[in-house]
Amino acid sequence: MTDILLPDPSGISRAAALLQQGALVALPTETVYGLGADARNGTAVAGIYTAKGRPSFNPLIIHVADVDQARQYGRWSDTAEVLASAFWPGPMTLVLPLADGHGLSSLVTAGLDSIAIRIPAHPTARAILRAFGGPVAAPSANPSGKISATTAQHVLSGLEGRIAAVVDDGPCTVGLESTIIGLNQPRPTLLRAGGLPSEAIEAALGGTLDVADGAEIIAPGQLASHYAPHASVRLNAHDAKEDEVYLGFGAAKGTGADDLTLSASGDLVEAAAYLFDRLHALDRLRKPIAVAPIPETGLGRAINDRLRRAAAPR
């Protein structure tokens, strides 16, 4: 049985207490719901992998309450300071070399010598982190490889009975996982497009980002097949075939009764916020999904990244 907690002082206190006991708690963030566990407790972190069915070579992001905590786990730099000052709290994750004496479970890093860190902007997530008082490992709260959760109901549909509790604070506002920037590389590197456009990060840095080639798993969210519905996904489709349902964008709209759109006005922010919710809704029909073309600009890069992984061979 998974408890549903309210985002009030009692629910926040209960969530923090469960985390301190080594239990798994799904937390709302501005990006997606995260499946949280004490990042210093190896048994608790192992529970994340078990609940999600997640490959153990896939590292996890830790969530912390403030920059002082972040400095305890990752080796800080001038570039980290620039980006943290500009975009934290918010939908950006920094991958840093592990700090000495970090105390994190090796399962969090998947054996790597780096750590992915984020300070979320969601007020309930931050309140839980402050009440807990330590780092929380929290990948997306869904079975591994499946569609990410942007509501508490999405969490329950995939993880009911496998986790102790979910804190229900409504739908996520960003709706895409965080942008991941590698600062353990020779130059700042885009490891995963996400809820913060890379153009904003480049503007803050005053230069371009390198882009990871994806040849090896060095950060969360780099598996080729990920975010996958049960049926197949066909991209850049201008209409749906007879057996498909259609996920539209802008002027590209389906004509079927079950068809949905990410944004009728072609707004990429709206499309990002609704991406996983629309995929969940269409997935329940168990029909192949045809998806309209999405511009490869701004948040469109992150949307297309998730869609390509959803459509990848499994």
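The minimum heavy-atom distance between Pro293 and Ala237, with the atom names listed, is CD-O, 3.5 Å.
Between Arg234 and Glu244 the shortest side-chain heavy-atom distance falls below 4.5 Å. For the pair Thr124/Leu27, no side-chain contact is recorded, criterion being any heavy-atom separation below 4.5 Å from C-beta on. Counting heavy atoms from C-beta outward, Tyr274 and Ser263 have side chains that stay 4.5 Å or more apart.
Ionic pairing of Lys241 and Asp243 is not present here: no N-O contact between side-chain nitrogen and carboxylate oxygen is shorter than 4.0 angstrom. Salt-bridge annotation for Asp305 and Arg309: present, with a side-chain N of the basic residue lying under 4.0 Å from a carboxylate O of the acidic one. A salt bridge between Glu30 and Arg118 is present, with a side-chain N of the basic residue lying under 4.0 Å from a carboxylate O of the acidic one. Ion pair Arg308/Glu296 flagged as a salt bridge, since at least one NZ, NE, NH1 or NH2 atom sits closer than 4.0 Å to an Asp/Glu carboxylate oxygen.
Counting only N and O atoms by type, the side chains of Asp277 and Thr150 include no donor and acceptor under 3.5 Å apart.
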Q. After noting the C-alpha distance and the side-chain angles of Leu262 and Asp267, does the key distance pass the side chain to side chain contact (heavy atoms under 4.5 Å, CB included) rule?
A. CA-CA 8 Å; Leu262 290 171; Asp267 184 330; over 6 Å; no
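In this structure, Leu209 is a member of the same hydrophobic cluster as Leu196, with clusters built from ILVMFWY side-chain heavy atoms closer than 4.5 Å. By the criterion of side-chain heavy atoms lying less than 4.5 angstrom apart, applied directly or through intervening Ile, Leu, Val, Met, Phe, Trp or Tyr residues, Leu5 is not grouped with Val155; the two fall into different hydrophobic clusters. In the hydrophobic clustering of this structure, Ile61 does not group with Val167; members are Ile, Leu, Val, Met, Phe, Trp, Tyr whose side-chain heavy atoms approach within less than 4.5 Å, directly or through other members.
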Quiz: residues 248-259 side-chain donor-acceptor pairs under 3.5 angstrom, not counting sequence neighbours:
unit_1, atom_1, unit_2, atom_2, d
Lys253, NZ, Gly250, O, 3.0
Asp259, OD1, Tyr246, N, 2.8
Asp259, OD2, Thr255, N, 3.1
Asp259, OD2, Gly256, N, 2.7

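When each of Val64, Val67, Thr93 is checked for a side-chain contact (heavy atoms from CB on, under 4.5 Å) with Trp88, only Val67 meets the rule.
The neighbour count for Asp113 CG, taken as heavy atoms of other residues, nucleotides or ligands under 6.0 Å away, does not exceed 12.
A donor-acceptor pair is defined here as one N or O able to donate and one able to accept, closer than 3.5 Å; no such pair exists between the side chain of Thr189 and the backbone of Leu191.
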